[in-house]
2 protein chains.
Amino acid sequence: MKLTRGGEYGIRGMLYLAMQPEASVTLLSEISTAQNISESYLAKIFQTLTKAGLVRSHRGFKGGYSLGRPADEITVKDIIEGIEGPIALNHCAQKVSNCSEEYRCKIQNVWKDAQDAMVGVLDGTTLADLVEETAMGQS
Amino acid sequence: MKLTRGGEYGIRGMLYLAMQPEASVTLLSEISTAQNISESYLAKIFQTLTKAGLVRSHRGFKGGYSLGRPADEITVKDIIEGIEGPIALNHCAQKVSNCSEEYRCKIQNVWKDAQDAMVGVLDGTTLADLVEETAMGQS
DNA sequence: CCAAACAGGACAAAAACTGTCCTCTTCGTT
DNA sequence: AACGAAGAGGACAGTTTTTGTCCTGTTTGG
């Protein structure tokens, strides 16, 4: 019932990207240093984020990473699911539930409702929101 | 970001108890058979539930388990936390957060909000609700 | 006193998480 | 064209968590 460290790293890394000047490319080593995250592990996470299209990678000399979409079109839910896969509080709450038809599990609705409530928050918060929040806190 | 199988077993087991005649004592073996759960594993879970006061154990001959409180005073959240410990989406969302003061994490609020939304649902649903739901479904 | 039934600890297999390392590919610079 | 910076990707390993099993002890009604 908790976010993995990988998921947290991904969000922190992407938030760092979102705070950089637009259209800039940032070194992975800079991100890992700034966020105090193991570089080799963060590399793995960013590879996953790249495949999910949330981040754009630039290989070779002067390479690095930039956001794959505008910051206000990337939600916290996007990032978590990009790294950890679809959110499912338990198997009963999955999109394609494997609860047998005959066994109409009474608890199923609770998982669905709880999950929807949580996902609603995560999907309603974008990287842009988080950056803005920071700016407001500083003013 | 998901419920453990142990948590699910605990809820299914307690829901079974809640559907028994009031003040009756039910054999662990009956619960495990009815719910198709390994008896020795379920034993461990019920030991935990007993220590949490959610279930009352009756040792010795003619022993078994009964609910520790009325079914309408036991929430799904109670059971999950009884088995898995306090719900914390991540360390930032814990009661006593270990996020350092200086590092005012912008994401902290998101975890808090998402967790509160989820826990709200789990804490708003009692075993009695689930039993009732079943009865309504059958009518 | 006996046998049923829970309590609790030790142990272990499996899975997931967290991380490292090495090689390959890409690409700007010179 | 060659070099070196930097991401891609696979293999591997340590740790933790989960998911159990098993054995011995303790309680208690009959």
Side-chain angles (χ1 to χ4, degrees), chain A residues 1-14 17 24-33 35-68 80 82-91, chain B residues 1-14 17 24-33 35-68 80 82-91:
Chain A
M1 194 76 92
K2 69 181 215 278
L3 185 74
T4 65
R5 208 178 298 188
E8 184 193 324
Y9 290 170
I11 292 175
R12 294 201 354 229
M14 290 200 64
L17 277 190
S24 70
V25 172
T26 307
L27 279 178
L28 181 67
S29 58
E30 180 185 334
I31 304 173
S32 72
T33 300
Q35 291 292 319
N36 197 31
I37 298 171
S38 146
E39 180 172 346
S40 39
Y41 191 33
L42 194 61
K44 277 280 171 291
I45 294 166
F46 266 69
Q47 282 175 26
T48 306
L49 289 172
T50 302
K51 275 187 267 189
L54 295 169
V55 137
R56 185 177 308 141
S57 85
H58 307 264
R59 301 178 68 165
F61 198 89
K62 287 273 184 182
Y65 293 96
S66 54
L67 290 184
I80 294 177
I83 295 172
E84 302 187 357
I87 294 175
L89 278 194
N90 80 342
H91 58 92
Chain B
M1 193 77 93
K2 69 180 216 281
L3 184 73
T4 65
R5 207 178 299 188
E8 184 194 324
Y9 290 171
I11 291 174
R12 297 208 344 238
M14 290 199 65
L17 277 189
S24 70
V25 172
T26 306
L27 279 178
L28 182 67
S29 59
E30 180 184 335
I31 305 174
S32 73
T33 299
Q35 291 291 317
N36 197 31
I37 299 170
S38 146
E39 180 172 346
S40 39
Y41 192 32
L42 194 61
K44 277 280 171 293
I45 295 166
F46 266 69
Q47 282 175 28
T48 307
L49 290 172
T50 301
K51 275 186 266 189
L54 295 169
V55 135
R56 184 175 309 140
S57 85
H58 306 264
R59 301 180 67 165
F61 198 87
K62 287 275 185 180
Y65 293 96
S66 54
L67 290 184
I80 294 176
I83 296 172
E84 301 188 356
I87 294 174
L89 277 194
N90 80 343
H91 58 90

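Sequence lines set the chain letters: A, B, ... in the order given, protein chains first and strands last, and positions in each chain run from 1. The analysis underlying the following values was restricted to heavy atoms, covering all of them including side chains, and did not include hydrogens, waters or symmetry mates. This structure is a prediction, so every number in the text was calculated from the model and none was measured.
- When rounded to the nearest whole Å, the span between NE2 of H58(A) and C1' of dA8(D) equals 15 Å.
- With the nearest nucleotide of DNA chain D identified for both G64(A) and G7(B), G64(A) has the one nearer the 5' end.
- For the pair F61(B) CZ and dC2(C) P, the computed distance is 15 Å after rounding to whole Å.
- Rounded to a whole Å, the CD atom of Q47(A) is 16 Å from the P atom of dA6(D).
- Residue L42(A) contributes atom CG, which lies 11 Å from atom P of dT20(C) at whole-angstrom precision.
- Rounding to the nearest 0.5 angstrom, the gap separating the CD atom in E84(B) from the OG1 atom in T4(B) is 3.5 Å.
- For the OP1/OP2 pair of dG19(C) and a distance below 4.0 Å, the side-chain nitrogens and oxygens of R5(A) include at least one atom meeting the criterion.
- One can place CG of L3(A) at 11 Å from P of dC17(C), the figure rounded to the nearest angstrom.
- The phosphate of dA6(D) (OP1 or OP2) has no side-chain N or O of S57(A) nearer than 4.0 angstrom.
- Distance check: K51(A) NZ to S57(A) OG gives 11.5 Å after rounding to the nearest 0.5 Å.
- Atom NE2 of H91(A) is separated from atom C1' of dT19(D) by 14 Å (rounded to the nearest Å).
- Side-chain N/O atoms of Y9(B) include none lying less than 4.0 angstrom from OP1 or OP2 on dT18(D).
- Atom CD1 of I45(A) is separated from atom C1' of dG7(D) by 15 Å (rounded to the nearest Å).
- Looking at the side chain of L27(A), the nearest of the listed nucleotides dA8(D), dG7(D), dG8(C) is dG7(D).
- Distance CG/L27(B) to OH/Y65(B): 10.5 Å, rounded to 0.5 Å.
- One interatomic measurement links the two molecules: CG of L28(A) to P of dA8(D), which rounds to 9 Å at whole-angstrom precision.
- To the nearest 0.5 Å, the span separating CD1 on I45(A) from CZ on R12(A) amounts to 10.0 Å.
- Residue I80(B) holds its CD1 atom at 10.5 Å from CD of E8(B), rounded to the nearest 0.5 Å.
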| query | What does nucleotides 21-26 of chain D look like as a protein-contact string, B for base, S for sugar-phosphate only, - for none, at under 4.0 angstrom between heavy atoms? | reply | BB--BB
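- At a threshold of 4.0 angstrom between heavy atoms, the contacts of F46(A) with the nucleic acid are absent.
- Here the OH-CG distance, from Y9(B) to L49(B), works out to 14.5 Å after rounding to the nearest 0.5 Å.
- The two residues A52(B) and G82(B) have their closest heavy-atom pair at CB-CA, 4.3 Å.
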